[in-house]
There are 4 protein chains.
Amino acid sequence: MPISKKTTTGKPAPARRGELLATAADVFAEQGYSATTVRRIADAAGILAGSLYYHFDSKESMLDEILSTFLDELWAGYDAVLAARLAPRQTLEALVTESFREIDRHRAAVAIYQRESRHLVGQPRFGYLAESQRKFERVWLGTLERGAAEGAFRADLDVRLAYRFVRDTVWVAASWYRPGGAHSPEEIARQYLSMVLDGIAVRA
Amino acid sequence: MPISKKTTTGKPAPARRGELLATAADVFAEQGYSATTVRRIADAAGILAGSLYYHFDSKESMLDEILSTFLDELWAGYDAVLAARLAPRQTLEALVTESFREIDRHRAAVAIYQRESRHLVGQPRFGYLAESQRKFERVWLGTLERGAAEGAFRADLDVRLAYRFVRDTVWVAASWYRPGGAHSPEEIARQYLSMVLDGIAVRA
Amino acid sequence: MPISKKTTTGKPAPARRGELLATAADVFAEQGYSATTVRRIADAAGILAGSLYYHFDSKESMLDEILSTFLDELWAGYDAVLAARLAPRQTLEALVTESFREIDRHRAAVAIYQRESRHLVGQPRFGYLAESQRKFERVWLGTLERGAAEGAFRADLDVRLAYRFVRDTVWVAASWYRPGGAHSPEEIARQYLSMVLDGIAVRA
Amino acid sequence: MPISKKTTTGKPAPARRGELLATAADVFAEQGYSATTVRRIADAAGILAGSLYYHFDSKESMLDEILSTFLDELWAGYDAVLAARLAPRQTLEALVTESFREIDRHRAAVAIYQRESRHLVGQPRFGYLAESQRKFERVWLGTLERGAAEGAFRADLDVRLAYRFVRDTVWVAASWYRPGGAHSPEEIARQYLSMVLDGIAVRA
DNA sequence: GATGAATGAGCATTCATTCAT
DNA sequence: CATGAATGAATGCTCATTCAT
């Protein structure tokens, strides 16, 4: 069951739609949503601005579809991880790895999410963002708390601070990550997990 | 030597200017630069939109002054840290602590910097952002490299990845940090350093 | 009796007023009235824009005073010529010479008049422009008609066309004339009169 | 070879563009460029102000296109005259006649040119105005000098003064000329030439 | 599916003007 | 006399959106 209501509108051709959304996502990610003009998206797609309105209701609906599609896939991945009911440390490792895979697949959407979600959550249309954030916090914070209680994670840390630390640490990577670069998502995940779990200092 | 050209104007530095900049910074941080209208800033300042132009040349020049003022102060702090010529680990600790202090003092500016610097660096007017970024990388990456060479930091990590990890981890905190909250900047720095240096996992 | 109502307002210092008007006239002449900002005039005068309003009611009142002062002096000169009741050809010569003297003394005002009078005549405040134009036409056209009737000027010409020809020919000189140049106003008048009266062609 | 860079755009040259330019030219000529608001042009064209920007980049680009189109046609006419390699007097007659024809066809553009060119020449965008002025002077002054040398024109006149006299005399006519009036351009040219060449005085 | 032309609301900015100091 | 700070109306321009073709 997808976290967002909107999947596809009644319109015909679904292939072109996806291409246009990918183009829009790239431009949104590069320039920011409100600094992006509909005309720039159209330019990048090789059509005129007005023509976009055959495919989409509005600029906002493109943003909506980009974000909801991403979140649907993200949660499909997370839910699969959670369904495995692993131990806290293994859950954390799996969540981090899954997150870097999502960054790999939805880099633009992740970047947009990072930049815009704060002031979108307020709008009714983007209510699913708030819902997703709550669920997100429940999953990650819960995993950390369970791990601290079971002795897998340090108990001397402020767990909310640790939550923010892990969360930001992972997702901010979308701002510099370029698919097809030197590191695979799994490789990056391994290194990040190593740092997050064991630190960068040499043990005394 | 300040990283930005404009440090002090010839004018007797009216207090009003500073107030207006603080107001503008808050609004920019909350809504994003391009989604912020000059009217909103004026509203928040209790004057009319046109009146802002008595004090500033343009919306962009407000952004410019906010960012350059922040960077000047940031580098004053960093330079003081570097002048002490501490060992790598102590340098890292001092830089992280100084960074959280800057977030405490310039929360809005830091948030704006995070959000907007990517697409600002290209513009000639904001050339000092690129300069600052280069200097920033030199300082942090250099500290990590020196630490790895001297045995303070793990040598098995990709140092560039570790650099990004530490860098983002610290600055992204500006997005949730609220001055006057439960934790002082120094307390947050201590916890972050503990996680970054030693990890969140319990040692086997 | 001056052609315009306004001579001086009740305000005190008359010397500074004159300087400011001269400055304003220069700027108006160079940039055009509506393209001239009050601030530019103030800059040129070495004061702040708001300070001009101690001396003048408005930008328009400066224009008004510049034009009316000029027209008052012009008509003083013309009236003296007409009072001599010379023959048509001598009247024409005297009017042309007097006109070049006015251009010499009021270059800026003449240039402004040329550029702006067309769309000012409509406004009630500048009603004296229309009055002056009527009087002007009466004087010049009358002189030409009298001259044609008395055999001093060619009778085969359209006298209205000839009027426009002489009028424009003389006044447009204000657009290139620079006081203190190679030619005195009297010298220019002599050459212009020679061309207007005898033409530039060598007689067959 | 046209004096201005932009002669025809790659576009299929929509007729609408020409209509809008004609409207804009009329308004510019009537009110002056800087006193003309874009809204007024739009009103005169029966559309909204913003809609003009579908056709033109800016108010300035309309002015640019009006002036460059006019100058291109003017020089086409002048070049045809010069190609005939007539004697100086016949060249002068042909140039004057051609000028009045241009005034007839481009009345608004000529009026705008007269009013605005002085402070436009400085701007790089309108560099072609300076170029045109130089070429203009070369043609007219050269014709007068050749005529004076060959005995067609009086040699006792200051030739630069005569040049300005003829030049201004002709073009200023655009300020009162109304197409479709009592006189055809050729008729006006004939009378003007009669005055310029032979003067208005009856020969002794 | 796409274009060309337009709309209408809103935006950054300008500018003449005011006024307490 | 002049300044510094503000007003408020207007200006050139942008942009998401619409729609007949």
Side-chain angles (χ1 to χ4, degrees), chain A residues 11-13 15-17 20 33-42 45-63, chain B residues 11-12 14-17 20 34-42 45-62, chain C residues 11-13 16-17 20 33-42 45-63, chain D residues 11-12 14-17 20 33-42 45-62:
Chain A
K11 297 285 171 57
R16 192 71 217 275
R17 197 183 178 75
L20 292 173
Y33 172 73
S34 84
T36 296
T37 69
V38 147
R39 210 187 138 183
R40 248 195 92 80
I41 300 173
I47 57 176
L48 288 181
S51 308
L52 280 173
Y53 288 79
Y54 177 81
H55 302 277
F56 305 98
D57 288 343
S58 65
K59 182 184 168 189
E60 199 182 65
S61 80
M62 294 186 226
L63 176 63
Chain B
K11 300 287 171 55
R16 195 70 219 272
R17 200 184 175 78
L20 293 172
S34 85
T36 296
T37 71
V38 137
R39 282 209 226 306
R40 252 196 84 80
I41 300 173
I47 58 177
L48 287 177
S51 307
L52 281 173
Y53 289 81
Y54 179 79
H55 301 276
F56 306 99
D57 287 343
S58 64
K59 181 184 166 188
E60 197 183 68
S61 80
M62 294 185 224
Chain C
K11 297 286 171 55
R16 192 71 215 275
R17 198 183 178 76
L20 292 173
Y33 173 73
S34 84
T36 296
T37 69
V38 146
R39 211 188 137 183
R40 251 195 88 82
I41 300 173
I47 57 176
L48 288 181
S51 308
L52 279 173
Y53 288 80
Y54 177 82
H55 302 276
F56 305 98
D57 288 344
S58 66
K59 182 184 169 189
E60 199 183 64
S61 80
M62 295 185 226
L63 176 63
Chain D
K11 302 286 171 58
R16 195 68 219 273
R17 199 183 175 79
L20 292 173
Y33 173 72
S34 84
T36 296
T37 71
V38 136
R39 284 204 220 311
R40 250 196 86 80
I41 300 173
I47 57 176
L48 287 178
S51 306
L52 282 173
Y53 290 82
Y54 179 78
H55 301 276
F56 305 99
D57 286 342
S58 64
K59 182 185 166 187
E60 197 182 69
S61 81
M62 295 185 222

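What's counted below: heavy atoms across the whole structure, side chains too, no hydrogens, waters or symmetry copies. Every chain is numbered from 1 and lettered A, B, ... according to where its sequence line falls, protein lines coming before strand lines.
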For [X] and [N], what is the distance between atoms [atom1] and [atom2] respectively, to the nearest whole Å?
X	N	atom1	atom2	value
C:Ile47	F:dA2	CD1	P	6 Å
D:His55	E:dT7	NE2	C1'	12 Å
B:Leu48	F:dT7	CG	P	4 Å
D:Leu52	F:dT11	CG	C1'	14 Å
B:Phe56	F:dA6	CZ	P	11 Å

Rounded to the nearest 0.5 Å, the NZ atom of C:Lys59 sits from the OG1 atom of C:Thr37 at a distance of 7.5 Å

Looking at every heavy atom in both [X] and [Y], which two are closest together, and how far apart are they?
X	Y	answer
A:Ser61	A:Phe56	OG-CB, 3.8 Å
D:Arg17	D:His55	NH1-O, 2.8 Å
A:Thr36	A:Ile41	CG2-CG1, 3.8 Å
C:Ala45	C:Arg16	O-NH2, 3.5 Å
D:Leu48	D:Ala42	C-CB, 3.6 Å

Problem set entry | Polar side-chain atom of D:Tyr33 near backbone of D:Glu60 as donor-acceptor pair, under 3.5 Å | yes

Note on DNA chain F: ranges paired as stems (three or more Watson-Crick/G-U pairs in a row, both atom distances under 3.5 Å) are E:2-21 with F:2-21

Q) Quick one: are B:Leu20 and B:Ile47 in side-chain contact, heavy atoms under 4.5 Å? A) yes

DNA chain E nearest-nucleotide lookup for D:Leu20 and A:Leu20: closer to the 5′ end is A:Leu20

Discussion item. Is there a side-chain contact between D:Tyr54 and the phosphate of E:dA5, meaning an N or O under 4.0 Å from OP1 or OP2?
Written reply: yes

Q. For A:Arg16 and E:dA2, is the shortest distance between a side-chain N/O and OP1 or OP2 below 4.0 Å?
A. yes

Residues at least two apart in sequence or cross-chain that pass side-chain hydrogen bond (donor to acceptor under 3.5 Å, both in side chains) with A:Ser34, listed by chain then number, are B:Ser34

Reading nucleotides 14-21 of chain E from 5' to 3' and marking B where a protein heavy atom lies under 4.0 Å of the base, S where only the sugar-phosphate is that close, and - otherwise, the string is BSSBB---

